[in-house]
Visitor: 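Mind having a look at this structure? Questions to follow.
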Amino acid sequence: MGQIYFIINPKARNGYCINVWKKVEARLKEDKISYFAFFTEYHGHAIKLAAQIAQKNDNQKVIIAVGGDGTISEVMNGMVEYKNITLGFIPGGSGNDFSRGFQIPANPEEAIAVILRLIKKDAPLIDIGKVTMKDDSNHYFINNMGAGFDAFVSFEVNRSEMKGWLNKLYLGRLVYVYFLLKKLFSYKCSTIDLSIDGRRHILEQTWFVTVSNQPYYGGGMMIAPDAVPDDGLLDITVVHRLTRLKLLLVFISVFWGKHVHFKEVMTFKGRMIAIQSQSSLYVHADGEDIGYTPLNIQVQTNTLKVLTRRRSMRETDLKERDSNELQ
């Protein structure tokens with residue numbers, strides 16, 4: 001086990017994350033575990049902190065993000081080029097989709113207990129997605145990215161004061177519902193030129209395209225039910241040719257992953273994806289605004305060591321093989 005570093009976002013969930021950290025810190029002190037803790041001071045600070053920790057030396061280290069999905073996304077973007085880092089997460093935000101997909105408990109005491117157990121084992125390698133924008137800048141995502149209506153809603157949410165107010169009432173996820181309903185009847189769909197591993201799809205009246213590495217996004221919506229973060233593939237979901245009222249039905253069904261049964265919802269898997277559009281569309285990566293279309297996406301296979309209770313494909317394959325040999 002290498003040295004343990006915590007990067008805490010004190011503003012996550014409108015300051016609630018500080019309470020999460022206090023509970024985690026109490027467990028660390030109780031168990032007399034050595035660690036370093038750093039607090040972010042501004043948007044993007046976690047990227048710099050993670051990079052500085054990774055660059056310090058070549059020793060194996062564990063960096064644990066304490067905050068929301070935006071926090072772990074920043075930490076991951078700061079450390080992704082370094083192979084001596086294992087990534088962990090204590091959920092302290094309002095969405096916490098990473099913790100759902102990678103099976104980390106929402107309760108901070110339970111989460112740190114799980115993390116401390118997982119640190120003693122070899123962490124599995126997972127895939128991530130790499131987004132290359134028009135200006136050749138790169139952004140990495142660990143959960144998902146999207147272009148179109150969902151990214152537009154994310155943009156509105158991120159600059160709204162309402163999210164903070166609802167977080168105080170433990171209703172932070174409702175802000176997404178509010179802006180979805182508010183913008184639903186004014187948003188203009190677009191024709192998307194989608195290329196997946198060289199195969200081109202022209203999709204008219206498209207609401208959005210989401211590319212996923214694990215099933216969850218938007219605070220618990222199961223946008224890609226079959227997404228597996230270590231299969232070498234990204235899952236693509238396209239919603240198009242859908243009336244505004246029917247989009248509400250799709251939205252409700254996403255929480256159970258049932259939206260894939262609508263004929264207007266198309267799903268694909270692929271390694272290299274390109275998205276172009278008639279007009280520039282908003283783009284998000286792990287819920288953070290990163291610019292506009294066009295862009296290219298590529299899966300980065302077996303790139304990141306992650307502390308997770310989720311069984312890796314290798315473990316699953318070995319278990320199935322052993323079971324077959326016993327029959």
Visitor: Can you run down the salt bridge (charged side-chain N to carboxylate O under 4.0 Å, His left out) pairs that involve residues 251-276, sequence neighbours left out, and say none if there aren't any?
Guide: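 Those involving residues 251-276 are Asp235-Lys269, Lys246-Glu264.
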Visitor: Enumerate the salt bridge (charged side-chain N to carboxylate O under 4.0 Å, His left out) contacts for residues 276-286, please, sequence neighbours excluded, ordered by first and then second residue.
Guide: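 For residues 276-286, and leaving out neighbouring residues, there are no salt bridge (charged side-chain N to carboxylate O under 4.0 Å, His left out) pairs at all.
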Visitor: Please list, chain by chain and in numerical order, all residues satisfying salt bridge (charged side-chain N to carboxylate O under 4.0 Å, His left out) with Arg199, sequence neighbours excluded.
Guide: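 Listed in chain order: nothing, the list is empty.
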Visitor: What are the two closest non-hydrogen atoms of Phe208 and Thr210, and how far apart are they?
Guide: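 Heavy-atom minimum between the residues: CD1-OG1, 3.4 Å.
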Visitor: Sort and list the pairs that fulfil salt bridge (charged side-chain N to carboxylate O under 4.0 Å, His left out) and have at least one residue in residues 67-76, not counting sequence neighbours.
Guide: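 For residues 67-76: none.
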Visitor: Is it the case that Tyr140 and Glu81 place a side-chain donor and acceptor less than 3.5 Å from each other?
Guide: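 Side-chain D/A pair, Tyr140 to Glu81: present.
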Visitor: Sequence neighbours excluded, which residues qualify as salt bridge (charged side-chain N to carboxylate O under 4.0 Å, His left out) partners of Glu109?
Guide: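 In terms of salt bridge (charged side-chain N to carboxylate O under 4.0 Å, His left out), with neighbours along the sequence ignored, Glu109 is linked to no residue.
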Visitor: Can you run down the ring pair (Phe, Tyr, Trp, His ring centres under 6.0 Å) pairs that involve residues 288-310, sequence neighbours left out, and say none if there aren't any?
Guide: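 Of all non-adjacent pairs touching residues 288-310, those that pass ring pair (Phe, Tyr, Trp, His ring centres under 6.0 Å) are Tyr282-Tyr292.
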Visitor: What residues, two or more places apart in sequence or in another chain, satisfy ring-ring contact (aromatic ring centres under 6.0 Å, His included) together with Tyr42?
Guide: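 Expected list: His45.
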Visitor: For Trp207 and Phe149, take the angle between the two ring planes, folded into 0 to 90°, and tell me which bin it lands in: parallel under 30, tilted 30 to 60, perpendicular over 60.
Guide: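 Perpendicular: the ring planes of Trp207 and Phe149 meet at over 60°.
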Visitor: Just distance, no hydrogens or angles: give the donor-acceptor pairs under 3.5 Å from side chains in residues 296-306, sequence neighbours left out.
Guide:
from: Thr303; atom 1: OG1; to: Gln300; atom 2: O; distance (Å): 2.9
from: Thr303; atom 1: OG1; to: Thr301; atom 2: O; distance (Å): 3.3

Visitor: Checking the side chain of Asn84 only, and the main-chain atoms of Asn57 only, is there a donor and an acceptor separated by less than 3.5 Å?
Guide: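 Checked: pair present.
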Visitor: If the condition is salt bridge (charged side-chain N to carboxylate O under 4.0 Å, His left out), which residues does Arg27 pass it with, not counting sequence neighbours?
Guide: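 For Arg27 the salt bridge (charged side-chain N to carboxylate O under 4.0 Å, His left out) partners, ignoring immediate neighbours, are Asp31.
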Visitor: Quick check: closest heavy atoms across Pro105 and Ala111, and the distance to 0.1 Å?
Guide: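 Distance-wise, the nearest heavy atoms are O-CB, 3.5 Å.
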Visitor: What pairs of residues pass the salt bridge (charged side-chain N to carboxylate O under 4.0 Å, His left out) test when at least one of them lies in residues 33-56, not counting sequence neighbours?
Guide: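 Residue pairs passing salt bridge (charged side-chain N to carboxylate O under 4.0 Å, His left out), neighbours aside: none found.
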Visitor: Just to verify, what does Ser279 make a side-chain contact (heavy atoms from CB on, under 4.5 Å) with, not counting sequence neighbours?
Guide: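 Testing Ser279 for side-chain contact (heavy atoms from CB on, under 4.5 Å), a comparison that skips the adjacent residues, returns Ser190, Leu281.
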Visitor: Check the angle between the aromatic planes of Phe98 and Phe89 and answer parallel, tilted or perpendicular using the 30° and 60° thresholds.
Guide: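 Answer is perpendicular, since the angle exceeds 60°.
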Visitor: Taking side-chain hydrogen bond (donor to acceptor under 3.5 Å, both in side chains) as the test, write out the residues that go with Thr206, two or more places apart.
Guide: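 Thr206 satisfies side-chain hydrogen bond (donor to acceptor under 3.5 Å, both in side chains) with no residue once adjacent residues are dropped.
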Visitor: I'd like to know if the side chain of Arg241 and the backbone of Leu203 have a donor-acceptor N/O pair within less than 3.5 Å.
Guide: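 A pair under 3.5 Å: no.
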